[in-house]
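Below, read A as the first sequence line, B as the second, and so on, with proteins coming before strands; counting in each chain starts at 1.
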Amino acid sequence: MWLSLSNPYRWLKRSISSELSKVLSNACADPKTLTQLENIIEEPPKREFGDLSIHLARLSKLCDIPLENLTNLLTSSLEKLNLVEKVVVVGNYVNIFINYTVFSAQVLNTITSYDSRYGFIEDHVRKRVIVEYVSANPVHPLHLGSGRNAVLGDFLYRLNKFLGNEVQRRYYVNDVGLQAAFLAYGYYKLGFPDIPPSMKPDHYLGLVYAATTTIIDVLKLRKSLKEAEASGDLNKASELRSEIDSLMSDLGRLAEVIPNEVNVLAEKIASEEDPELEVLKILRGYERGEPEYLFVRRVCSRVIDGIKETLERMNTGIDVWDWESDLVWEGRVDEVLEKASSSSYFGFHKGAPALFFKNLLSTEELRKRLRIPEVLEVPPLILRRSDGTTLYTTRDIAYTLKKFREFSADEVINVIAIEQTLSQAQLRLALYALGYEKEAENLIHYSYEMVNLPGASMSGRRGRYVTVDELLKQLSEMVKNLMRERGSEVSDEQALKIARSAIKYTVLSVSPSKTLTVDLKRILDLKQNSGPYIQYTYVRARSVIEKAGNYSTGTIDYRRAGKEPIRTLILELSKFPEVISDVASSKQPEDLIAYANNLATIFNKFYESEPILREPDEGFRALKVAVTHGVLIVLRNFMEICGMDVLEKI
RNA sequence: GGGCCCGUAGCUCAGCUAGGACAGAGCGCCGGCCUUCUAAGCCGGAGGUCCCGGGUUCAAAUCCCGGCGGGCCCGCCA
């Protein structure tokens, strides 16, 4: 009963499959086949074949009934169902036509009664979920890669919320690490200058960071070059020279924006005997919490200020900011180290304390449980540097435990780039090895591929990146120009809302496992299969509903629902909860996007071909308005889940 | 060297987990539709060795094996 209330499409399939199981009960009594029966009911590739179809060969195999007996058995029994209009056999298929007088009433009633919760699934088990996302190093602004992360994480957050889960969003500020120390070193060498008021702090400090690391790398390479020249290794020398040239051109680009800083840094760092040792000193002092090194935190928090601003612009939020330094200073990392040292998996790798996973991984069952590929070899996890400072994954063990504990989380989702697959596997194994089996199992690495910009290679260390801020700015400008061409002005806010929604739609439309190629023009394509297309379709539907005023559902003539294109529209509307349910388990946003685009397209066809408000027949008009209202609700709920802005006008 | 991911129309991508009806969509290109509910729309057309080669099957883009091409990982970086 719950099901029929919340998920009309599932209800439809279940009604048919349970009828099937009745008919086939003598041959197909196994209860396991019941769900298989439901899966066997599919959709025909073309609308004119019917609403649902069953492939006879598959059914005959499943139930072990000869093909020729099946046909008559099925048609006669299914046609008795109230929900079924007719059954047609074509070749190897039984095609089912739904009775839309019955079905449309069910669908439309469900949608209006659930309204902003339509899509919500009643039998979903509620969970407490943490989404850790973005977590970009606090040394530069968010670039396109972090942008993809932010969009995906925000989507996971909103989807979980929609499903009725308790969700918390966390950002892990990685201020205890070499990157942060490099930035702090550079900023310190500059004498902690004020950030130019014309620049966002993350942008300015990102340049300082890039200049610092690039200068240090150049100095290192020059040293190697001298050695190569001295030893007469000409190949090596020319290789080094071209590498240096490339870095120098990066530096030249940085100098165009912050010339003084680049000059001062180049001079001061060059006069240093061993700049990298200085950086390590900062790292060590900061990790110990020594007061004279606390400037690291101050610098990082300026970058974080900038990042917060960007996230706000993306309409994305964080509930808890976790500073890695706090984790270390609170002694949580030491606890982990202590526990590890008494573990049976503990040992020394190249003289450094480490956890070894070879024994753990010999059982196939554990690999399965922890989602570690069958043949993947996992190297030992080194816990500490020889100088005593900790390493990222070690700190992440402590952090993961903190997340699970503080929120009593059932599940922790880490949205992290795909290149960290191995270290995330090590993390799960380490947790398991230390006795945190449940945590290891419920820690999910939600990975995504990198983002490409055609014809450009990106590197944070070199300052070669396109920032999310720039992307938003450019797209907003494009929106404004477009509107101007059409003779209407649009506010900055409206332009931003369209721009960021377009980005989100594009990012979510591509499977996270594929590299995303960003083409600015394409993101803002106002045509089909785009964010603006969905927003526009919603506005169209809204405009109709507004003008329709109050319509009484009592006057709806459901008998008119069997004709195209209303028929398809109703079937499509009925699927929304089913799509949500599938996406909730697969976590593939692209399926949700494809559904919404399809629904919008069908609605636009309907809108073009049929008068809605001008429909003379009152009952039919009420039906058309109700369907339009259904589209409105589904598109709105869709946009909420994707983090897109629901615009009332466009 | 080992592992993972990707390869489908000129471009960007669905479809592959659970094999089945002529392989789909958008962009771009060509041609139509605004005195009527928002034309950021709709209708029509052209465009494909599903990377290649084997195998399994009544049936393969989908499963298996072997290649080829691209990306990523195999750090006392994160």
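Side-chain contact check for A/Asn174 and A/Gln179: no donor-acceptor pair (N or O, by modelled atom type) lies under 3.5 Å. Side-chain contact of A/Asp396 with A/Tyr172: a donor-acceptor pair under 3.5 Å is absent, judged by distance alone. A/Arg395 and A/Thr390 share a donor-acceptor pair across their side chains, judged by distance under 3.5 Å alone. Residues A/Tyr399 and A/Glu324 bring no donor and acceptor atom of their side chains to less than 3.5 Å of each other.
Here the shortest heavy-atom pairing between A/Glu43 and A/Ser53 reads C-OG, 4.1 Å. For the pair A/Phe155 and A/Cys642, the tightest heavy-atom approach, listed with the atom from each and the gap, is CD1-CA, 4.5 Å.
B/rC50 is unpaired under the criterion used here, namely a Watson-Crick or G-U wobble arrangement in which both key atom distances are under 3.5 Å. Figure legend. B/rG28 is base-paired to no nucleotide; pairs are counted as Watson-Crick or G-U wobble with both atom distances under 3.5 Å. Across all strands shown, B/rG69 forms a Watson-Crick or G-U wobble pair, both distances under 3.5 Å, with B/rC6. When both distances must be under 3.5 Å, the Watson-Crick or G-U wobble mate of B/rC76 does not exist. B/rA21 makes up no base pair with any nucleotide shown, lacking Watson-Crick or G-U wobble contacts both under 3.5 Å.
In this structure, the nucleotide among B/rG15, B/rA21, B/rC72 sitting nearest to the side chain of A/Phe49 is B/rA21. Considering only the side chain of A/Lys649, B/rU38 comes nearest among B/rC73, B/rG20, B/rU38. With B/rC73, B/rG20, B/rG15 as the choices, the nucleotide that has an atom nearest any side-chain atom of A/Tyr93 turns out to be B/rG20. Relative to the side chain of A/Val510, the nucleotides B/rA25, B/rC13, B/rG20 differ in distance, and B/rC13 lies closest. When distances run from any side-chain atom of A/Arg58 to the nucleotides B/rU38, B/rA21, B/rA18, the shortest one goes to B/rA18. In the set B/rA21, B/rA40, B/rC42, the nucleotide with an atom closest to the side chain of A/Pro532 is B/rA40. Each of B/rG41, B/rG15, B/rA21 was ranked by its minimum atom distance to the side chain of A/Val90; first place goes to B/rA21. Of the candidate nucleotides B/rG15, B/rG20, B/rA39, B/rA39 has the atom nearest to the side chain of A/Tyr536. With B/rA21, B/rC37, B/rG41 as the candidates, the nucleotide lying closest to the side chain of A/Pro44 is B/rA21. Of the candidates B/rG20, B/rA40, B/rA21, the closest approach to any side-chain atom of A/Ile498 belongs to B/rA40.
At least one test fails for A/Arg148 against the ring of A/Tyr448: distance under 6.0 Å to the centre or angle within 45° of the axis.
Below the 3.5 angstrom threshold, one finds a donor paired with an acceptor across the side chain of A/Asn95 and the base of B/rA21. Residue side chain A/Ser509 does not reach the base of B/rA14 through any donor-acceptor N/O pair under 3.5 Å, judged by distance alone.
Rounded to a whole Å, the CG atom of A/Asp396 is 11 Å from the P atom of B/rA78. In this structure, the OH atom of A/Tyr505 is 11 Å from the P atom of B/rC27, given to the nearest Å. A/Arg395 has its CZ atom 14 Å from the P atom of B/rC76, to the nearest Å. One atom, NZ of A/Lys46, and another, P of B/rA25, lie 10 Å apart when rounded to the nearest Å. The CD atom of A/Glu590 sits 17 Å away from the P atom of B/rU12 (whole-angstrom rounding).
Using P as the reference atom, B/rC42 and B/rC50 are 30 Å apart when rounded to the nearest Å. A distance of about 26 Å separates the P atoms of B/rG70 and B/rA61, rounded to the whole Å. The P atoms of B/rC6 and B/rC43 are separated by 33 Å, rounded to the nearest whole Å. The same atom, P, is picked in B/rU12 and in B/rG54; the two are 29 Å apart, to the nearest Å. Using P as the reference atom, B/rC22 and B/rG3 are 39 Å apart when rounded to the nearest Å.
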* Protein proximity profile, nucleotides 5-11 of chain B - base contact B, sugar-phosphate-only contact S, no contact -, cut-off 4.0 Å on heavy atoms -> SSS---B
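Applying the 4.0 Å criterion to OP1 and OP2 of B/rC73, one finds that A/Thr421 has every side-chain N and O outside that range.
Between A/Arg170 and A/Glu132, no side-chain nitrogen of the basic residue sits less than 4.0 Å from a carboxylate oxygen of the acidic one, so the salt-bridge criterion is not met. Salt-bridge annotation for A/Lys575 and A/Asp582: absent, with no side-chain N of the basic residue lying under 4.0 Å from a carboxylate O of the acidic one.
Evaluation of A/Tyr533 against the base of B/rA40 yields no stacking contact (centre distance < 5.5 Å, interplanar angle < 30° required).
Nucleotides of RNA chain B nearest to A/Ser511 and A/Gln426 differ in position, and the one nearer the 5' end is that of A/Ser511. For the pair A/Thr601 and A/Val539, nearest-nucleotide mapping onto RNA chain B gives the more 5' position to A/Val539.
B/rC34 has its base syn relative to the sugar, with a glycosidic angle deviating from 0 by at most 90°.
Listed by residue number, A/Ile382, A/Arg385, A/Ser386, A/Leu391, A/Tyr392 are the residues of residues 382-393 of chain A with a heavy-atom contact under 4.0 Å to RNA chain B. Only A/Lys605, A/Tyr607, A/Glu608, A/Glu610, A/Pro611, A/Ile612, A/Leu613, A/Arg614, listed by number, bring a heavy atom of residues 605-620 of chain A to less than 4.0 angstrom from any atom of RNA chain B.
In this structure, A/Arg371 has no side-chain hydrogen bond (donor to acceptor under 3.5 Å, both in side chains) partners at least two apart in sequence or on a different chain. In this view, A/Val466 and A/Leu144, A/Leu453 satisfy the side chain to side chain contact (heavy atoms under 4.5 Å, CB included) rule, not counting sequence neighbours. Every side-chain hydrogen bond (donor to acceptor under 3.5 Å, both in side chains) that A/Asp51 has, sequence neighbours left out, goes to A/Arg47, A/Tyr100, A/Arg567.
Under the 30°/60° scheme for interplanar angles, the aromatic rings of A/Phe348 and A/Phe346 are found to stand perpendicular.
Within 4.0 Å of A/Ala594, counting heavy atoms only, lies no atom of the nucleic acid at all.
The shortest side-chain heavy-atom distance between A/Gln424 and A/Leu427 falls under the 4.5 Å cut-off.
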